[in-house]
Amino acid sequence: MLALKDIKSMMLCELKEDLAADGTEEYRARQVYEWLSKGISSFQEMTNISLKMRQALQKKYCLYGVRIKKKFISQKDGTIKYLFSLHDGGLIESVLMKYEHGYSVCISTQVGCRMGCSFCATGKDKFLRSLYPSEMLSQIQEIQNDNGINISNVVLMGMGEPLDNYDNTVKFLKLISSKDGMNIGMRHISVSTCGLADKIYKLAEEKLPITLSISLHTPSDNFRDEIMPINKVWKINDIMAACKYYIKMTGRRISFEYAMIKDFNDGKKDAQNLVNLLKGILCHVNLIPINSVSESNFKRSESCKIKKFVNILTQKGINTTVRRTLGPDIEASCGQLRQREESHKEE
Ligand code: SAH
Ligand code: SF4
C-alpha cells in the first residue's frame, strides 16, 4: 500500500494537480484548501464537502498536526507557553507573545536538536526527528484557534535548528506566506540559526524576504567552541562570509543574537571585538539575558553590564536592542517543558 500523503504540507497548486488526476474540479480543491488553512484536525470537519469525497480524501491523505497537551499562562504578561504532542507521541513547545503591534508566535522546527549547545535545554535532550511543514503550520493554527486571534509575526526560535531541517523549513515559509493559505508575509517571519554556513548560502539563493537571525553569542572562536559544538565545523569567519553573501543576495539586514552570560561574554573587550567583527555589515544586535537551565552553570549578566555593552555597540553605530524577558514565571526558555515531561515518563 502506498503511504498516505501529508496534505497540509501541500501548496494549493500541488493539491489542485493531485486532485485533478482523480477528476476533481478546481473549485473543490480550493474548498478543501480553505479548510486546511483553518487548522482542522479531521476530514469530517469539511462540512461543505460530500461524504464520498471526504472518504476518498481520507484514503489518499493524512492530516499531520499538533495537539495541545499542556498550556501555561504567565500571570505577569499573558505570554502562553504550549506543550504540543505529535501523531507519533513526540513533544514540542511553542510560545505565544503579545506585543503592542500584535501577536507573535515562536515555533519549533524539530523534536529536540542535534546541535548540543551547552546553554540550551533543547540541546541537552534527545533528538527524535525533524518536523514536517504541516506540523510547523499547525502550531500556529492551534494557537490562533485556541485564543480566537490572528497571528501577525512568526519566529522560528523554538526547539530545533531550522536549517538542519532545510527543505521542510523553506516549504513551510512558502506555505505560510501563500495568499491561498495563512497569508503571513515573509517580512513578518524570522528564522534563527546557530550558523550552518553552507545552508545560509543556500538560503541566500532562495531570496526570501524573511529576517535571518544568527545566534552568535560571542565574537571569539575559542569561547564559541566551548559552548556551541557547531563551531568546530563552521568558524565565525565562515559564518560572517556566508552572512555577507546573504546580505548581497537579499538586501536584508541580519540580526545577531547574543545571549548575555555573566563573566563569560559580557565584558568591555567582548563588546569591542563584536564591534570589529560587525563593522560595515548591515545588521542589528539583539542581546538576550540568558535563561539559566538545569545542568549548566551559566548565569544571567548583571543589568549594569548589559547597559555598558549596549552603549559600546550603539556608540559605534550598531543598532542594538535588549530582548524583553517574556513569561518569566513560566520557564521561558524552550526545551524545558519537554525535558520535564519526558523525565516524568521515565520515572
Ligand atoms: N537553533 C536555532 C533556533 C532555536 S534556539 C538557533 O540556535 O538559533 C533560539 C534562540 O534561543 C537562539 O538564539 C539560542 O541561542 C537561544 N537560546 C537557547 N537557550 C537559551 C537560554 N538558555 N537563554 C537564552 N537564550 C537561549
Ligand atoms: Fe539547537 Fe538552537 Fe538549542 Fe543550539 S540553541 S541546541 S542550535 S535549539
Side-chain angles (χ1 to χ4, degrees), residues 109-110 113-120 122-123 127 130 155-167 169-170 173 189-261 264-267 269-288 290 298 309 312-313 316-321 323 334:
T109 53
Q110 295 183 312
C113 182
R114 301 196 296 173
M115 302 298 142
C117 303
S118 60
F119 50 85
C120 172
T122 305
F127 170 79
S130 286
V155 294
L156 276 63
M157 279 198 184
M159 292 165 60
E161 168 50 48
L163 299 189
D164 186 38
N165 182 16
Y166 186 89
D167 291 342
T169 295
V170 169
L173 295 172
I189 304 176
S190 296
V191 176
S192 178
T193 176
C194 61
L196 304 184
D198 56 339
K199 299 290 169 29
I200 297 173
Y201 282 106
K202 202 168 165 194
L203 190 64
E205 302 288 343
E206 316 257 0
K207 296 205 176 91
L208 307 174
I210 54 156
T211 299
L212 181 65
S213 295
I214 307 289
S215 300
L216 186 66
H217 304 323
T218 161
S220 142
D221 271 325
N222 285 344
F223 282 2
R224 211 167 188 266
D225 282 345
E226 261 183 60
I227 56 171
M228 301 178 77
I230 191 65
N231 208 61
K232 299 256 161 40
V233 182
W234 302 110
K235 294 285 164 208
I236 294 176
N237 274 346
D238 300 322
I239 301 175
M240 295 316 292
C243 286
K244 285 178 187 157
Y245 183 73
Y246 186 89
I247 294 167
K248 189 172 128 205
M249 294 301 282
T250 62
R252 306 277 301 160
R253 182 183 297 271
I254 290 190
S255 172
F256 288 92
E257 308 293 310
Y258 196 106
M260 296 293 288
I261 309 174
F264 179 75
N265 63 356
D266 59 354
K269 193 93 198 94
D270 300 296
Q272 282 158 349
N273 289 341
L274 185 61
V275 167
N276 291 339
L277 185 72
L278 300 181
K279 210 183 292 161
I281 293 180
L282 184 63
C283 71
H284 170 98
V285 171
N286 193 21
L287 301 176
I288 319 162
I290 200 160
F298 297 123
F309 205 93
I312 297 175
L313 265 60
K316 295 288 176 188
I318 298 179
N319 189 303
T320 308
T321 46
R323 187 183 294 169
C334 258

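Just so we're clear, the structure is a prediction, and the values are computed from it rather than from any experiment.
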[atom2] on [Y] to [atom1] on [X], rounded to 0.5 Å:
X	Y	atom1	atom2	result
Ile254	Cys243	CD1	SG	4.0 Å
Ile318	Cys283	CD1	SG	5.5 Å
Tyr245	Leu203	OH	CG	11.5 Å
Tyr258	Asp266	OH	CG	7.5 Å
Glu161	Tyr166	CD	OH	12.5 Å
Thr218	Asn273	OG1	CG	8.0 Å

Inset, instruction - Tell me yes or no: between the side chains of Thr321 and His284, is some donor less than 3.5 Å from an acceptor? - result: yes
Side-chain donor-acceptor pairs of residues 225-238 under 3.5 Å, sequence neighbours excluded:
from, atom 1, to, atom 2, distance (Å)
Asp225, OD1, Asn231, ND2, 3.0
Asp225, OD1, Lys235, NZ, 3.1
Asn231, OD1, Arg224, NH1, 2.9
Asn231, ND2, Asp221, O, 3.4
Asn231, ND2, Asp221, OD1, 3.0
Lys235, NZ, Asn231, O, 2.9
Asp238, OD2, Lys235, N, 2.8

Minimal non-hydrogen separation, [X] against [Y], with atom names:
X	Y	answer
Ala259	Ile290	CB-CD1, 4.2 Å
Val285	Leu313	CG1-CD2, 3.8 Å
Phe298	Ser118	CE1-OG, 3.6 Å
Thr122	Gly160	CG2-N, 3.9 Å
Leu156	Pro162	O-CG, 3.8 Å

Is any side-chain heavy atom of [X] less than 4.5 Å from a side-chain heavy atom of [Y]?
X	Y	result
Thr211	Ile189	no
Asp270	Phe223	yes
Glu257	Met157	yes
Ser255	Ser190	no
Ile214	Ile239	yes
Leu196	Met115	yes
Met159	Thr109	no
Leu163	Lys202	no

Inset, instruction - Evaluate side-chain contact (heavy atoms from CB on, under 4.5 Å) for Ser215 paired with Ser192, printing each intermediate quantity in order. - result: CA-CA 7 Å; Ser215 300; Ser192 178; 3.4 Å; yes
Inset, instruction - Check side-chain hydrogen bond (donor to acceptor under 3.5 Å, both in side chains) between Arg114 and all other residues, then give those that pass, not counting sequence neighbours. - result: Asp164
Inset, instruction - Examine Tyr246 together with Tyr201 and report whether their ring centres are nearer than 6.0 Å. - result: no
Inset, instruction - Flag the pair His217 / Phe256 as yes when their ring centroid distance falls below 6.0 Å, and as no otherwise. - result: no
Legend entry - Of Leu173, Val170, Val155, the residue whose pairing with Val191 passes side-chain contact (heavy atoms from CB on, under 4.5 Å): Leu173
Inset, instruction - State whether the side chain of Arg252 and the backbone N or O of Pro209 hold a donor-acceptor pair below 3.5 Å, judged by distance alone. - result: yes
